[in-house]
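A short worksheet on the structure shown next.
Everything numeric here is computed off the predicted structure, so don't read it as measured data. Counting starts at 1 for both ligands and their atoms, in listed order. These numbers come from the heavy atoms of this one structure, side chains and all, not from hydrogens, waters or symmetry mates.
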Amino acid sequence: MKFLCDSNTLVDNGSRGFVVEGRPLLAVRREGRVYVYQNRCPHRGIALEWQPDQFLDPSASLIQCATHGALFLIESGECVAGPCAGQSLLAIPCTEDARGIWLAS
Ligand code: FES
């Protein structure tokens, strides 16, 4: 397992960007659960955010690509609106314990 961050640095309804061993990733916490995805929009293959650590839409209920506005479900990474509707972000398995948030691989 690879350490990602301390639990208290990812607040509920918040998001953060990371680069782990050269891999751009994003993490979102929702209703206490942590979700990690590759930070790569399936539309153009580019990073999702324009502002550091800003991956959510204004309601903080969906992941949003800043370039053309694609919207993704936080829980599954599926694109539900935008130019890549039906495609998905690549989910990265993760776990959380008393020491923090960990990538499974
Ligand atoms: S690059 Fe993400 S919606 Fe176009």
(message) Measuring from atom 2 (Fe) of ligand 1, which candidate in Cys65, Ala85, Ala81, Cys84 has the nearest non-hydrogen atom?
(response) Cys65
(request) State whether Glu96 and Arg29 are salt-bridged, where the test is any N-O pair (Lys NZ or Arg NE/NH1/NH2 against Asp/Glu carboxylate O) under 4.0 Å. (result) yes
(message) Can you report which non-hydrogen protein atom sits closest to atom 3 (S) of ligand 1, along with the distance?
(response) His68 CB, 3.4 Å
(request) Examine His43 and say whether one of its N/O/S atoms is closer to atom 2 (Fe) of ligand 1 than 2.8 Å. (result) no
(request) Heavy-atom contacts with Ala70 under 4.0 Å: which atoms of ligand 1 show up? List them by number with element. (result) 3 (S)
(message) Any carboxylate oxygen within less than 4.0 angstrom of a Lys/Arg side-chain nitrogen, looking at Lys2 and Glu21?
(response) yes
(request) Identify, by atom number and element, the atoms of ligand 1 in contact range of Arg44, meaning under 4.0 Å from any of its heavy atoms. (result) 1 (S)
(request) With side chain to side chain contact (heavy atoms under 4.5 Å, CB included) as the test, would you mind laying out the steps for Leu89 and Leu48 before giving the verdict? (result) CA-CA 10 Å; Leu89 300 173; Leu48 293 161; 4.0 Å; yes
(request) Mind checking whether Pro83 contacts ligand 1 via backbone (N, CA, C, O), side chain (CB onward), both or neither, at a 4.0 Å heavy-atom cut-off? (result) side chain
(message) Are the side chains of Val36 and Leu103 in contact, using a 4.5 Å heavy-atom criterion?
(response) yes
(request) Report yes if some heavy atom in the side chain of Asn13 is under 4.5 Å from a heavy atom in the side chain of Val28; otherwise report no. (result) no
